[in-house]
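What follows is one structure encoded as structure tokens, with my remarks underneath.
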Amino acid sequence: MSRNQLFPIFLKIDKIRTLLVGGGAVGLEKLEALLKNNPEAWVKLVATDISDEIKEIAKSKENIELVERPFKPQDLEGDIQLLILATDIRETNKEIYQLAKQKGILTNVADTPDLCDFYLGSTVTKGDLKVGISTNGKSPTFAKRFREVLEEILPEETDSLIQNLHGIRNKLNVGFAEKVKILNERTKELVSSRGSEK
Ligand SMILES: C[C@@]1(CC(=O)O)C2=NC(=C\c3[nH]c(c(CCC(=O)O)c3CC(=O)O)Cc3[nH]c(c(CC(=O)O)c3CCC(=O)O)/C=C3\N/C(=C\2)[C@@H](CCC(=O)O)[C@]3(C)CC(=O)O)/[C@H]1CCC(=O)O
Ligand SMILES: NC(=O)c1ccc[n+]([C@@H]2O[C@H](COP(=O)([O-])OP(=O)(O)OC[C@H]3O[C@@H](n4cnc5c(N)ncnc54)[C@H](O)[C@@H]3O)[C@@H](O)[C@H]2O)c1
């Protein structure tokens, strides 16, 4: 059995600049994935042709910059830190990937796992809780279906539980070790059926 070795991080995509190259069906899918997680995500989208759907989304959003022309190497300059490539030309994606590599920009090439520094994952969000799902690139369809299952089974009160614990955490005027002990005690019943100590 292979083991997923991807390291998950949760990026503040309203604080960093993402460049998305390609404005067709896949470009739209990736733009929607970014905006679903954070409507304030900063995205510069460059594409020879940009679909009407993307233009409609960008119309009301200051954080989305559309540039309708072919990609230029200068597009990687400035403050771009994350790159998603979704052009329909494999060679173009590869060339841009190599340029980005030289600049240390983390890159995802939509249909080419070999050229990805990171994969997009499925995400389930309930208020402040976010669960990320990855199948190590093996089955995006499983990731999507599993997201749907989690969306259905995670109780609505999950977020109020987190808010309550946040309140308790802020009010505890004790040392770090004592705080950890109290918070673990208060949340024991969440895992008690499994007999866990933590
Ligand atoms: C999770 C999600 C996030 C997102 O993109 O937002 C995502 N793909 C989603 C859906 C989806 N993508 C595809 C289908 C059609 C069924 C199929 O082909 O399997 C469906 C299902 C559908 O749409 O129903 C096509 C596809 N995808 C990849 C390849 C190439 C290959 O595998 O070689 C091909 C074939 C292209 C072709 O044949 O031309 C590759 C990748 N897709 C990933 C992410 C990364 C691995 C994630 C993981 O580890 O699970 C990875 C490796 C790289 C990346 O793109 O980041 C999103 C679900 C969001 C949600 O709904 O929750
Ligand atoms: N990973 C995935 O989830 C997934 C799923 C399906 C397809 N794909 C792949 O993604 C690619 C894109 O598919 P699509 O359906 O969006 O294609 P599309 O034809 O709808 O869009 C391609 C986009 O790339 C732009 N483009 C082409 N050359 C460019 C250049 N030099 N500079 C800037 N923009 C350029 C076009 O103007 C257009 O906006 C395909 O290769 C497809 O196989 C990936």
Side-chain angles (χ1 to χ4, degrees), residues 1-11 13 16-39 41 43-59 64-78 80-101 103 105-126 129-154:
M1 189 173 66
S2 62
R3 190 181 154 84
N4 189 326
Q5 295 184 317
L6 298 165
F7 183 69
I9 57 171
F10 293 89
L11 292 171
I13 49 176
I16 59 173
R17 290 269 284 179
T18 300
L19 175 67
L20 177 52
V21 184
V26 175
L28 171 66
E29 199 180 288
K30 302 304 170 195
L31 181 65
E32 284 176 337
L34 291 164
L35 294 175
K36 177 188 156 198
N37 281 286
N38 188 345
V43 184
K44 176 178 169 184
L45 187 151
V46 177
T48 316
D49 294 297
I50 298 177
S51 74
D52 291 343
E53 276 159 294
I54 292 178
K55 285 179 181 165
E56 192 56 38
I57 292 172
K59 219 161 62 181
I64 310 295
E65 181 193 353
L66 299 186
V67 185
E68 198 162 22
R69 56 152 171 76
F71 168 85
K72 291 195 245 182
Q74 291 93 298
D75 290 325
L76 297 175
E77 278 162 19
I80 299 298
Q81 289 168 299
L82 208 64
L83 174 65
I84 300 175
L85 298 175
T87 85
D88 52 337
I89 303 161
R90 264 187 120 75
E91 210 34 55
T92 300
N93 286 342
K94 196 168 177 185
E95 277 167 26
I96 304 174
Y97 171 78
Q98 280 159 351
L99 287 174
K101 202 78 192 152
K103 290 186 166 289
I105 299 171
L106 292 177
T107 303
N108 171 284
V109 186
D111 64 346
T112 319
D114 286 353
L115 294 185
C116 285
D117 297 321
F118 66 93
Y119 296 156
L120 278 76
S122 285
T123 55
V124 186
T125 310
K126 290 262 155 125
L129 178 74
K130 173 157 298 183
V131 183
I133 304 160
S134 160
T135 66
N136 213 8
K138 295 286 166 64
S139 174
T141 303
F142 178 90
K144 181 181 82 172
R145 291 300 185 204
F146 192 56
R147 163 179 65 76
E148 290 168 355
V149 169
L150 290 185
E151 272 169 351
E152 228 177 277
I153 64 168
L154 270 176

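Note that ligands are numbered from 1 as they come in the structure, with each ligand's atoms numbered from 1 the same way. When reading the values below, keep in mind they use all heavy atoms of this one structure, side chains included, and skip hydrogens, waters and symmetry mates. Quick note: residue numbers are just sequence positions, from 1.
- Contact annotation for Thr135 and ligand 1: heavy atoms of both the backbone and the side chain come within less than 4.0 Å of the ligand.
- Comparing heavy-atom distances from atom 19 (O) of ligand 2 across Ile96, Val109, Thr87, Asp88 singles out Asp88 as nearest.
- Nearest protein heavy-atom neighbour of atom 32 (N) of ligand 2: Phe71 N, 2.9 Å.
- Looking at Thr123 against ligand 1, nothing comes within 4.0 Å, counting heavy atoms.
- Looking only at heavy atoms of the protein, atom 2 (C) of ligand 2 is closest to Ala110 O, 3.8 Å.
- The side-chain heavy atoms of Ile9 and Phe118, taken from C-beta on, include no pair separated by under 4.5 Å.
- Polar contact check, Ala25 against ligand 2: a nitrogen or oxygen pair lies under 3.5 Å apart.
- Considering backbone and side-chain N/O atoms, Asp49 comes within less than 3.5 Å of an N/O atom of ligand 2.
- For atom 18 (O) of ligand 1, no protein heavy-atom neighbour is found at a distance under 4.0 Å.
- Side-chain atoms of Thr125 and Lys36 include no donor-acceptor pair closer than 3.5 Å.
- Regarding atom 40 (C) of ligand 1, its nearest protein heavy-atom neighbour is Ala110 O, 4.0 Å.
- For atom 28 (N) of ligand 2, the closest heavy atom belonging to the protein is Ile89 CD1, 3.5 Å.
- Side-chain atoms of Glu68 come within 3.5 Å of backbone N or O of Ile50 as a donor-acceptor pair.
- The protein heavy-atom contact nearest to atom 16 (O) of ligand 2 is Val26 N, 2.7 Å.
- Distance from atom 31 (C) of ligand 1 to its nearest protein heavy atom, with residue and atom name: Pro113 CG, 3.8 Å.
- Using a 4.0 Å cutoff on heavy atoms, Glu148 does not count as a contact of ligand 1.
- Both the backbone and the side chain of Asp111 come within contact range of ligand 2, each with a heavy atom under 4.0 Å.
- The residue Leu28 has no part lying near ligand 2, judged by heavy-atom distances below 4.0 Å.
- Scanning all protein heavy atoms for the shortest distance to atom 56 (O) of ligand 1 gives Asn108 ND2, 2.7 Å.
- Using a 4.0 Å cut-off to heavy atoms of Arg147, the atoms of ligand 1 that qualify are 60 (C), 61 (O), 62 (O).
- Residue contacts with ligand 1: Thr112 is placed with no nitrogen or oxygen under 3.5 Å of a nitrogen or oxygen of the ligand (distance criterion only).
- Atoms of ligand 2 found under 4.0 Å from any heavy atom of Glu29 (numbered from 1 in listed order, with element): 3 (O).
- Of the protein's non-hydrogen atoms, the one nearest atom 29 (C) of ligand 1 is Asp111 CA, 4.5 Å.
- Heavy atoms of Lys30 found under 4.0 angstrom from ligand 2 belong exclusively to the side chain.
- Per-residue contacts place Tyr119 under 4.0 angstrom from the following atoms of ligand 1 (heavy atoms of the residue considered): 45 (C), 52 (C), 53 (C), 56 (O).
- Heavy-atom contacts from other residues, nucleotides or ligands closer than 6.0 Å to NZ of Lys126 number more than 12.
- Although no hydrogens or angles enter the test, the distance criterion places no donor-acceptor pair under 3.5 Å between the side chain of Asn38 and the main chain of Leu34.
- Each of the following atoms of ligand 1 lies closer than 4.0 Å to a heavy atom of Gly121: 1 (C), 3 (C).
- Among all protein heavy atoms, the one lying closest to atom 25 (C) of ligand 2 is Gly22 CA, 4.0 Å.
- Per-residue contacts place Thr48 under 4.0 angstrom from the following atoms of ligand 2 (heavy atoms of the residue considered): 26 (N), 28 (N), 29 (C), 30 (C), 32 (N), 33 (C), 34 (N), 35 (C), 37 (O).
- Counting only heavy atoms of the protein, atom 31 (N) of ligand 2 lies nearest to Thr92 CG2, 3.7 Å.
- Here the protein heavy atom with the shortest distance to atom 15 (C) of ligand 1 is Thr141 OG1, 4.4 Å.
- Lys144 NZ, 3.8 Å is the protein heavy atom nearest to atom 22 (C) of ligand 1.
- Looking at Ala86, Gly137, Ser122, it is Gly137 that brings a heavy atom closest to atom 32 (O) of ligand 1.
- Here the heavy atom of the protein found nearest to atom 44 (C) of ligand 1 is Leu120 O, 3.4 Å.
- Each of the atoms 50 (O) of ligand 1 lies under 4.0 Å from some heavy atom of Ala143.
- For ligand 1, the atoms sitting less than 4.0 Å from at least one non-hydrogen atom of Ala33 are 6 (O), numbered in the order shown with element in parentheses.
- The protein heavy-atom contact nearest to atom 21 (O) of ligand 2 is Gly24 CA, 3.3 Å.
- Put simply, the side chain of Asn108 never gets that close to the backbone of Cys116: no donor and acceptor are under 3.5 Å apart.
- When each atom of ligand 1 is checked for a heavy atom of Asn136 under 4.0 Å away, the hits are 49 (O).
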Problem set entry | side-chain contact (heavy atoms from CB on, under 4.5 Å) assessment of Asp75 paired with Leu19 | CA-CA 8 Å; Asp75 290 325; Leu19 175 67; 4.0 Å; yes
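- Salt-bridge annotation for Glu151 and Arg147: present, with a side-chain N of the basic residue lying under 4.0 Å from a carboxylate O of the acidic one.
- Within the listing of ligand 2, atoms 32 (N), 33 (C) sit less than 4.0 angstrom from a heavy atom of Pro70.
- Not a single donor-acceptor pair under 3.5 Å links the side chain of Asn136 to the backbone N or O of Lys138.
- Salt bridge present: Glu56 and Lys59 bring a charged side-chain N and a carboxylate O closer than 4.0 Å.
- Of all atoms in ligand 2, listed by their number and element, those nearer than 4.0 Å to a heavy atom of Gly23 are 23 (C), 38 (C), 39 (O).
- In Ala86, the part holding a heavy atom less than 4.0 Å from any atom of ligand 2 is the backbone.
- No side-chain donor-acceptor contact under 3.5 Å links Thr112 to the backbone of Asp114.
- Among Thr87, Asp88, Thr107, the single residue meeting the side chain to side chain donor-acceptor pair (under 3.5 Å) criterion with Asn93 is Thr87.
- Comment: Glu65 engages Arg17 in a salt bridge, judged by a side-chain N to carboxylate O separation of less than 4.0 angstrom.
- Counting heavy atoms closer than 4.0 Å to ligand 2, residue Arg90 contributes nothing at all.
- Summarising the contacts of atom 42 (N) of ligand 1 with Pro140, Ser134, Cys116, the nearest heavy atom is found in Pro140.
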